[in-house]
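Report on one structure; see the data block that follows.
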Amino acid sequence: TGIYPEWDENNPVHMLGHSMGGLTIRGVTDLLRDGNEAERAYHQAHPEAEAMSPLFAGGRDWVFSNTSIATPHNGSQYADDESRGAALMKDLVLELAKITGTNPNSLVYDFKFDHWGLKRERGETFTSYMNRVMASDIWESEDISVTDLSTPGAQDNNTWMDTFPDVYYFSHTALSTYKSLLTGRHLPNALTIPIFIQPSIFMGKFTRTNPAEGPIIDHSWWPNDGIVSVVSSKHPFNHPVVSYTDGQTPQPGVWNSYPVMNNWDHMDFMGISLSSYATSYNIQPFYLKTAETLHSLPAR
């Protein structure tokens, strides 16, 4: 039944997502409103099939706002190679376990790949479970998160994930690189989480000029937060956007893009930061202010 059974058109919710979570809430918002035509057509042609999920029916105006935080709306060039993206997922989980002082085998982390037949068995160590996931052939499929995180996958998503005129959209963007005076490329600053140093260097110099290989990537993509480029995080390309700061009146139906947060990397928004050892870093005011902004939006 979920944690908020009252959720309906009279009780719409605010959705907030960090990183790929920002893509997830955009997808859910669109499916609730528009449903999925292919799913509807299939079930109409196959009445004997298992009942269609209500999510694909559409017609549900149940979302008041979307807030994305360090989200790769236009993809991350680092994820364009599926093997590189999958390896980063593995390393990220292990790095977070190390930072938090957790033994990897005591992690309760679940990749949620049950639909691939990759369910963690009772008593199975996390290392064993993760190795089975990483050795499987699921990474060759396009129906997986790594595809959505890539620049071609994001380009496709942006054609069907609408920006609805009566929904409020906000985006927060981080920047943890600086421009090298010698080469003009972007390099990670000293407080970037170690797991993101190599991806940040890669993204800070990567270009793509052949449109047959994917979206054009030029130097405007080089500034990044360790894994997401600033230009990718601000708003989906070809969707309406305005610059926004606290105190202004936000507009529905457009992306209200906050100023870039300098010297923040991708994980600062999660309260995991090397800055905490050097400054009075505290993530709570950020989320309290976000909640106040959403709470103050005018009723429909």
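Hydrogens, waters and symmetry mates are skipped; everything else that's a heavy atom, side chains included, is used.
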Subject >> Whether Thr29 side chain and Ile25 backbone form a donor-acceptor pair below 3.5 Å >> reply: yes
Original post:
Looking only at atom types and distance, does a side-chain atom of Tyr129 sit under 3.5 Å from a main-chain N or O of Phe111, one as donor and one as acceptor?
Top reply: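 Side chain of Tyr129 to backbone of Phe111: a pair is present.
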Subject >> Partner of Arg26 under side-chain hydrogen bond (donor to acceptor under 3.5 Å, both in side chains), chosen from Asn158, Asn66, Asp162 >> reply: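 So the option named by the test is Asn158.
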Original post:
Any salt bridge between Asp166 and Arg33, counting N to O under 4.0 Å?
Top reply: yes
Subject >> Co-members of the apolar cluster containing Phe170 [side chain, <4.5 Å] >> reply: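 Reading the cluster by chain and number, Phe170 sits alongside Phe64, Tyr168, Tyr244, Tyr258, Leu294, Leu297.
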Original post:
Under the salt bridge (charged side-chain N to carboxylate O under 4.0 Å, His left out) test, which residues partner Arg132, sequence neighbours left out?
Top reply: Glu124
Subject >> Qualifying residue, where the test is ring-ring contact (aromatic ring centres under 6.0 Å, His included) with Trp255 and the options are His235, His172, His73 >> reply: His73
Original post:
Applying side-chain hydrogen bond (donor to acceptor under 3.5 Å, both in side chains), which residue pairs with at least one partner in residues 196-207 are found, sequence neighbours left out?
Top reply: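 Every side-chain hydrogen bond (donor to acceptor under 3.5 Å, both in side chains) pair that includes a residue of residues 196-207, provided the two are not neighbours, is Tyr78-Gln198, Ser200-Asn224.
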Heavy-atom side-chain contact between [X] and [Y] under 4.5 Å:
{"X": "Phe196", "Y": "Met267", "result": "yes"}
{"X": "Val242", "Y": "Asn256", "result": "yes"}
{"X": "Ser233", "Y": "Asp225", "result": "no"}
{"X": "Pro259", "Y": "Thr245", "result": "yes"}

Original post:
At what distance, to the nearest 0.5 angstrom, does NE2 of His219 lie from NE2 of His186?
Top reply: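 It comes to 9.0 Å.
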**OP:** Assert yes or no for the condition that the ring centre distance of Trp221 to Phe206 is strictly below 6.0 Å.
**Re:** no
**OP:** Decide if the gap between the ring center of Tyr169 and the ring center of His239 is smaller than 6.0 angstrom.
**Re:** no
Original post:
Can you name the closest pair of heavy atoms from Val133 and Trp139 and give their distance?
Top reply: O-NE1, 3.0 Å
